[in-house]
Amino acid sequence: MVSIPAGSFQMGSTAEQPIHQVTINSFFLGKYPVTQAQWKAVAALSKIKLDLDSDPANFKGDSRPVEQVSWREAIEFCDRLSHKTNRIYRLPSEAEWEYACRACTNTLYHFGEMITNDLANYNGGVGGTTPVGSFGVANSFGLYDMHGNVWEWCLDRWHSNYEGAPNNGSAWLTDKNKVDRSLRGGSCHYSSWYCRSASRNRDHPIKKYHSTGFRVVCSSARNS
């Protein structure tokens, strides 16, 4: 886990509107997406609500990101880990994710305006996922794989734009009629446009694909 400092930033872009100021409290975020080895370890813990397949990934490898996991399964992972460690683990909000990805930058990607297959795993460059951290390009917060490799689930219900979005970094959970959940970061099979810091995607919380994974937030200790 990496400590993400508190701060404020301009969330969104000319494509993701409206651009708005968001203030974020400090939190801890996974340095990498959750790996298959980590998934297997947590899947072996006692069930909270859902059964978990211990080896769901299409592209096998302990150090590769886990994929083919649904939003609900990612929530189960967080719940099991929280119960085991007596700390609160959860998915990041969209605002937390973008803030952490940007790491005080305002360019398309945390490393600048241009992206190549030497910097990130996207657009089918290597045909599948790669072990986390393979490209050795961490942002200034110390996070890897924020662009490409796998889409990452966020807590938020999907909203088509930022009209009425929270400005305090919390997940946008209003409107129970909105079932889809937000995804961030692009993936190994998507073009560079979808790998931008501001780019957004969505899917149904029970859907799972070989380009969808997640990383976790640790926010505080649980009450004993």
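Nothing fancy with the numbering, it's 1 onward along the sequence.
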Please say whether more than 12 non-hydrogen atoms of neighbouring residues, nucleotides or ligands are located less than 6.0 Å from NZ in K60.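 Yes.
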
Among E96, E152, E94, exactly one meets salt bridge (charged side-chain N to carboxylate O under 4.0 Å, His left out) together with R184. Which residue is that?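 The single option meeting the salt bridge (charged side-chain N to carboxylate O under 4.0 Å, His left out) with R184 is E94.
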
Validation row: E67, T212 side chains within 4.5 angstrom (heavy atoms): no

Any non-hydrogen side-chain atom of R181 less than 4.5 Å from a side-chain atom of W153? yes

With a 3.5 Å cut-off and no angle check, do the side chains of T23 and S8 form a donor-acceptor pair?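 Their side chains do contain a donor-acceptor pair, which is all the 3.5 Å distance test asks for.
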
Let me have the donor-acceptor pairs involving side chains of residues 125-140, under 3.5 Å, with sequence neighbours excluded, atom names and distances please.
from: T130; atom 1: OG1; to: N121; atom 2: ND2; distance (Å): 3.4
from: T130; atom 1: OG1; to: N149; atom 2: OD1; distance (Å): 3.4
from: S134; atom 1: OG; to: P131; atom 2: O; distance (Å): 2.4
from: N139; atom 1: OD1; to: F141; atom 2: N; distance (Å): 2.9
from: N139; atom 1: OD1; to: G142; atom 2: N; distance (Å): 3.1
from: N139; atom 1: OD1; to: L143; atom 2: N; distance (Å): 3.1
from: N139; atom 1: ND2; to: A100; atom 2: O; distance (Å): 2.9
from: N139; atom 1: ND2; to: C101; atom 2: O; distance (Å): 3.2
from: S140; atom 1: OG; to: A103; atom 2: O; distance (Å): 3.0

R72 vs L50, test: side-chain contact (heavy atoms from CB on, under 4.5 Å). Steps then yes/no. CA-CA 8 Å; R72 291 181 180 174; L50 297 179; 3.8 Å; yes

Would you compute the distance between atom OG1 of T107 and atom CD1 of I115 and round it to the nearest 0.5 angstrom?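 Going from the OG1 atom of T107 to the CD1 atom of I115 covers 11.0 Å.
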
When the ring centroid of W151 is compared with that of Y190, is the distance short of 6.0 Å? yes

Grab the two heavy atoms, one from F111 and one from H147, that are nearest each other, plus how far apart they are. CE2-CD2, 3.7 Å

Taking only residues at least two apart or on different chains, which pairs with a member in residues 12-37 satisfy salt bridge (charged side-chain N to carboxylate O under 4.0 Å, His left out)?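 Qualifying pairs, neighbours excluded: E16-R196.
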
Classify the ring geometry of F9 against Y99: parallel below 30°, tilted from 30° to 60°, perpendicular beyond 60°. tilted

A cation-pi test, strictly: NZ or CZ of R200 under 6.0 Å from the centre of the six-membered ring of W97 and no more than 45 degrees from its axis. Yes or no?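 Pair R200/W97 does not count as cation-pi.
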
